[in-house]
Amino acid sequence: MNYWLLKSEPDVFSIDDLADVEREPWDGVRNYQARNFMRDQMQVGDLALFYHSNTRPPGVVGVARIATPAHPDETQFDPQSRYYDPKSSPDNPRWWCPDVSFVLKFPDVVSLQTLRDDPGCAGMLVTRKGQRLSVQPVEPEHFRRVLELAGVDPADVSAAL
DNA sequence: GCCAACGTTGGC
DNA sequence: GCCAACGTTGGC
């Protein structure tokens, strides 16, 4: 089982939006490294830190679960979508994503600054300057530590699955 | 709104 | 295959 961090701008799609719909294709990602993680390494049941970017403060706001294997991202075929990719085709899709489902929302955001200040989070990709990747692997110990910083018991996560 | 960091594109 | 130009991300 792997752990991940998924960035989303809350104005576009927030943890509350995920809570409302319960499950959502993680579409619109147009970066090859992020795609490769989603297509090749994510497995159903993996857990992800849900991260709000481009907001004050940026940080981890909850937990999501990888709900399906990766499948073609439908927005790439839709000329009306801002994620339309004319170079992709249904026979040979370029962009893949799983569906993710809501697990829980933290009582309070664990801010990027908190992660940077916490020795237990040292080395997390998201704390690195200039790190823009929107789908990142997370070490198990970092995942546990972020739960701890959020005041969430791992048993609460298991119970929410 | 600024801008540093980074990824992608395309001419050559 | 290099690399300059350009576009995007995302913290601040």
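Letters A, B, ... mirror the listed sequences (proteins, then strands); counts begin at 1. Computed from a predicted structure; not experimentally measured.
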Between [N] atom [atom2] and [X] atom [atom1], what is the distance in whole Å?
X	N	atom1	atom2	result
A:Q136	C:dT9	CD	P	15 Å
A:Y83	C:dT8	OH	C1'	12 Å
A:R132	B:dG7	CZ	C1'	6 Å
A:D11	C:dT9	CG	C1'	14 Å
A:N54	B:dA4	CG	P	17 Å
A:Q131	C:dC12	CD	P	14 Å
A:Y32	B:dT8	OH	C1'	9 Å
A:R30	C:dT9	CZ	P	11 Å

Nearest to the side chain of A:L112, heavy atoms from C-beta on, is which of C:dC12, B:dC6, B:dT8? C:dC12

Which listed nucleotide (B:dC6, C:dG11, B:dT9) is nearest to the side chain of A:K87? B:dT9

Counting just side-chain N and O atoms, does [X] come under 4.0 Å of either OP1 or OP2 of [N]?
X	N	result
A:Y51	C:dG11	yes
A:R116	C:dC12	yes
A:K7	C:dT9	no
A:K129	C:dG11	no

Between [Y] and [X], is there a side-chain donor-acceptor contact under 3.5 Å, judged purely by atom types and distance?
X	Y	result
A:W4	A:D46	yes
A:S89	A:D91	no
A:R30	A:T75	yes
A:S101	A:E22	no
A:D73	A:W96	no

Would a distance-only check, ignoring hydrogens and angles, find a side-chain to backbone donor-acceptor pair under 3.5 Å from A:S88 to A:R94? yes

Pick the closest DNA chain C nucleotide for A:Q113 and for A:R82 by heavy atoms, then say which residue is nearer the 5' end. A:R82

Aromatic plane relationship, A:F50 with A:W26 - under 30° parallel, 30 to 60° tilted, over 60° perpendicular: perpendicular

Starting from the first five and the last five pairs of the helix from B:dG1-C:dC12 to B:dC12-C:dG1, work out the angle between the resulting helix axes, to 10 degrees. 10°

